Amino acid sequence: MSKISTILIIDDLSSSVKMIESFLSEYEVISASSGLEGLKMVEKYMPDLILLDVIMPGMTGFEVCEILKSNDELRDIPVIFLTTLNRRDDIDKSFDLGAFDYITKPISGKALRAKIHAVFSILDKIKTKRIDDYHRKSEANEIFVKGMSHNFNNMFGGIIGMAQLLENLKVDEPKVKRYAQMIRSTSENGAKLVSQLLEFSQSSEFTFGRVNIEDIINTAVEDFKSDINRNIEINLNFNAINNITIGDKDRLLVVFKNLMRNADEAMSDNPELTLETKNIQVRDAFASKSGVEPGEFIKISVSDNGEGVSDEIRNKIFEPFFSKYDLSEARGLGLAEARGIVQGHRGTMDYYNKPTGGAEFYIYLPVGKKKINPVVGGNDNESGNVEGTILLVDDEEISLLFAKEMLRKSGYKVDTAVNGEEALELYRINGGNIDLVLTDIIMPKLNGLELAGELIKINPDVKIIFMTGHSIDLEEKKDLKFVKGLIKKPFRGMEIINLINDALQ
């Protein structure tokens, strides 16, 4: 069933409002009798269209339109003036202010409906084109980023693994262990950056669950207080009745930490930070502009009393590694990472400069359905005595060597294959002696998913663990119930050992 559009009438004459309402029975119609009341209703209801009178006491329709068009959140709501004024100067002024159309009274119901239908038809075409363009760009970007992340994660995984093996060698030269530690630490930082880039591009997997936004904000505030070296007045105004969203609490925590760190850098004397939550209904106009779906959202505002965002940098603040100071201060993805995480939660994020000074960043997060995520493994606890035979499959030589050494050191027997076809042949010959298959996913000839499909035909009880530098959603592959886990590259040796131990118990 299609959504009914909401139209707001702002007119001080009740008779005029009633007449217009009688023409628009197919829409959800709300009304306001003054410009000030109308502005409040716009913020509350986010209508899809505004019918606005010009001559009203207190605030004219022109003044209302000017305020709407100066607000980043409201400027895309189309405005049609309905007025008795028909002077050319008034008509020109309305279009200069950004009105969609100008209609002089009296007007027939049929003509008004035709105008409104034309407005929504144009908006639908614009929205469709934007969505198509967005999806094309997003798909191309996601393919590229996922492919690059797979290659980088494989490389970092191999480097980290070799460094771990070097650290464990018993050699007399102390510099060997120190250099190995430096190699591992640098590679782990590189792998973390790849993860951030995935989040920024919305290609990273999140661990979704029911999360309380206010709990996350409270945690972020406590962490922030422990990190800063000065007193900052922090105000928490929790007004959202529904403060539960579906999201990844660790990633959302990063968002608020980044925003508070950003605010700290912008404030000097008497610093004051305010975080506020409220529920809002996102309508088509704002949803189309922001790339989100209409519906119920939690709006979170993070505002400060700092210097605000200058015109010189306002188009750069969401760029990776950007700093308003100098290049040495650009420590990472910052606001770019935060925005990417929010967009990965089907939300949106932006900011505006407050008239009283300072900047306000606002985040919209939807209330949605819970998604089940793939099993991921491992911690760094020591494993106990183990036994069994593992078929290890990876086309990356360095990754294969690292995993093979770790498995053997832990007590497992290891057979190896460099692609899916070779692994399938080994399993056909020696499958009765193989306790578990540990396989990469992206491989030539026969990938990991295809290999798994063939193995289940040979042995319905086969146990498989996937390892990958790519992003994959096992929930979408419901037929792979025999998969015992998924581990993301790069990983530590004990992570994969613990995951295998759990799968074989």
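These numbers come from a predicted model, not from an experiment.
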Next on the checklist: Is any side-chain heavy atom of L273 closer than 4.5 Å to one of S303?
Outcome noted: no
Next on the checklist: Please evaluate residues V221 and L236 with respect to the criterion side-chain contact (heavy atoms from CB on, under 4.5 Å), reporting the C-alpha separation (whole Å), side-chain torsions for both, the decisive distance (0.1 Å), and the verdict.
Outcome noted: CA-CA 10 Å; V221 168; L236 299 178; 4.1 Å; yes
Item to check | OG on S14 to CD on E21, rounded to 0.5 Å | outcome: 10.0 Å
Checklist entry - Got a salt bridge between D76 and K69, using NZ or NE/NH1/NH2 to carboxylate O under 4.0 Å? => result no
Checklist entry - So do the side chains of T277 and N237 get within less than 4.5 Å of each other, counting heavy atoms only? => result no
Checklist entry - Can the ring centres of F361 and F256 be said to be less than 6.0 Å apart? => result no
Checklist entry - Quick one: CD on E26 to CD1 on I116, what's the gap to the nearest 0.5 Å? => result 8.0 Å
Item to check | Minimum side-chain heavy-atom gap L252-V211 below 4.5 Å | outcome: yes
Next on the checklist: Between H345 (side chain only) and D248 (backbone N and O only), is there a donor and an acceptor less than 3.5 Å apart?
Outcome noted: yes
Checklist entry - Do E214 and N243 have a side chain donor and acceptor closer than 3.5 Å? => result yes
Checklist entry - So do M59 and I67 actually touch side chain to side chain, heavy atoms under 4.5 Å? => result yes
Next on the checklist: Please check this pair: side chain of N353 against backbone of A359, looking for a donor-acceptor N/O pair closer than 3.5 Å.
Outcome noted: no
Item to check | CD on Q281 to NZ on K44, rounded to 0.5 Å | outcome: 11.5 Å
Item to check | Stepwise side-chain contact (heavy atoms from CB on, under 4.5 Å) check, T84 with T104 | outcome: CA-CA 5 Å; T84 56; T104 55; over 6 Å; no
Checklist entry - Any side-chain heavy-atom pair from F120 and Y27 closer than 4.5 angstrom? => result yes
Next on the checklist: Under a 3.5 Å threshold, yes or no: a donor from one side chain and an acceptor from the other, between S226 and E222?
Outcome noted: no
Item to check | Distance-minimising heavy-atom pair for I50 and I10 | outcome: CG2-CD1, 3.9 Å
Checklist entry - Where do L82 and K105 land on the side-chain contact (heavy atoms from CB on, under 4.5 Å) test, with the steps shown first? => result CA-CA 6 Å; L82 282 179; K105 298 177 182 179; 4.1 Å; yes
Next on the checklist: How close do L85 and Y102 get, counting heavy atoms only, and between which atoms?
Outcome noted: O-OH, 2.8 Å
Item to check | Exercise: identify the closest heavy-atom pair between D304 and M267 | outcome: CB-SD, 3.5 Å
Checklist entry - What residue among D350, T348, N258 forms side chain to side chain contact (heavy atoms under 4.5 Å, CB included) with R339? => result D350
Checklist entry - Given L39 and L74, is the side-chain contact (heavy atoms from CB on, under 4.5 Å) satisfied, shown in steps? => result CA-CA 10 Å; L39 289 172; L74 310 176; 5.7 Å; no
Checklist entry - Is there a donor-acceptor pair closer than 3.5 Å between any side-chain N or O of E63 and the backbone N or O of T60? => result yes
Checklist entry - Any sub-3.5 Å donor-acceptor pair from N305's side-chain atoms to E272's backbone N or O? => result yes
Item to check | R113 side chain vs F23 backbone, donor-acceptor pair below 3.5 Å | outcome: yes
Checklist entry - How close do I298 and A240 get, heavy atom to heavy atom, and via which atoms? => result CG2-CB, 4.4 Å
Checklist entry - With a 4.5 Å heavy-atom cut-off, do K299 and N279 have their side chains touching? => result no
Next on the checklist: Looking at every heavy atom in both L449 and F466, which two are closest together, and how far apart are they?
Outcome noted: CD2-CZ, 3.6 Å
Item to check | Exam field: side chain E66 to backbone F62, donor-acceptor pair closer than 3.5 Å | outcome: no
Item to check | Whether E43 side chain and K40 backbone form a donor-acceptor pair below 3.5 Å | outcome: no
Next on the checklist: Does S16 form a side-chain hydrogen bond (donor to acceptor under 3.5 Å, both in side chains) with D11? I'd like the steps, not just the answer.
Outcome noted: CA-CA 7 Å; S16 178; D11 195 326; 3.0 Å; yes
Checklist entry - If you round to the nearest 0.5 Å, how far is CZ of R75 from SG of C65? => result 11.5 Å
Item to check | Atom pair OG/CD1 of S94 and I80 - distance to nearest 0.5 Å | outcome: 11.0 Å
Next on the checklist: Against F81, only a single residue in D53, I103, D90, L52 fulfils side chain to side chain contact (heavy atoms under 4.5 Å, CB included); can you say which?
Outcome noted: L52
Next on the checklist: Working note: E276 + S301, criterion side-chain hydrogen bond (donor to acceptor under 3.5 Å, both in side chains); need CA distance, chi angles, decisive distance, verdict.
Outcome noted: CA-CA 5 Å; E276 181 178 352; S301 302; 5.2 Å; no
Item to check | Enclosure of N231 CG (heavy-atom neighbours >12, cutoff 6.0 Å) | outcome: no
Item to check | Any I20 side-chain heavy atom under 4.5 Å of L24 side chain | outcome: yes
Item to check | Pair R230 + D264: basic N to acidic O under 4.0 Å | outcome: yes
Checklist entry - Between CD1 of I213 and CG of N218, what distance do you get to the nearest 0.5 Å? => result 11.5 Å
Checklist entry - Would you find more than 12 non-hydrogen atoms of other residues, nucleotides or ligands less than 6.0 Å from N235 atom CG? => result yes
Next on the checklist: Is it the case that the side chain of D48 and the backbone of T6 share a donor-acceptor pair, with hydrogens and angles ignored and the cut-off at 3.5 Å?
Outcome noted: yes
Checklist entry - Are any side-chain N or O atoms of T219 and backbone N or O atoms of D215, one a donor and one an acceptor, separated by less than 3.5 Å? => result yes
Item to check | side-chain hydrogen bond (donor to acceptor under 3.5 Å, both in side chains) partner of E73, chosen from Y352, Y364, Y362 | outcome: Y364
Checklist entry - Does the cation-pi check pass for K257 over F224, that is, NZ or CZ under 6.0 Å from the six-membered ring centre and within 45° of its axis? => result no
Item to check | V342 and V255, any side-chain heavy atoms less than 4.5 Å apart | outcome: yes
Checklist entry - What is the minimum heavy-atom distance between L49 and P78, and which atoms define it? => result CD1-O, 3.4 Å
Checklist entry - Is there a donor-acceptor pair under 3.5 Å between the side chain of T245 and the backbone N or O of G247? => result no
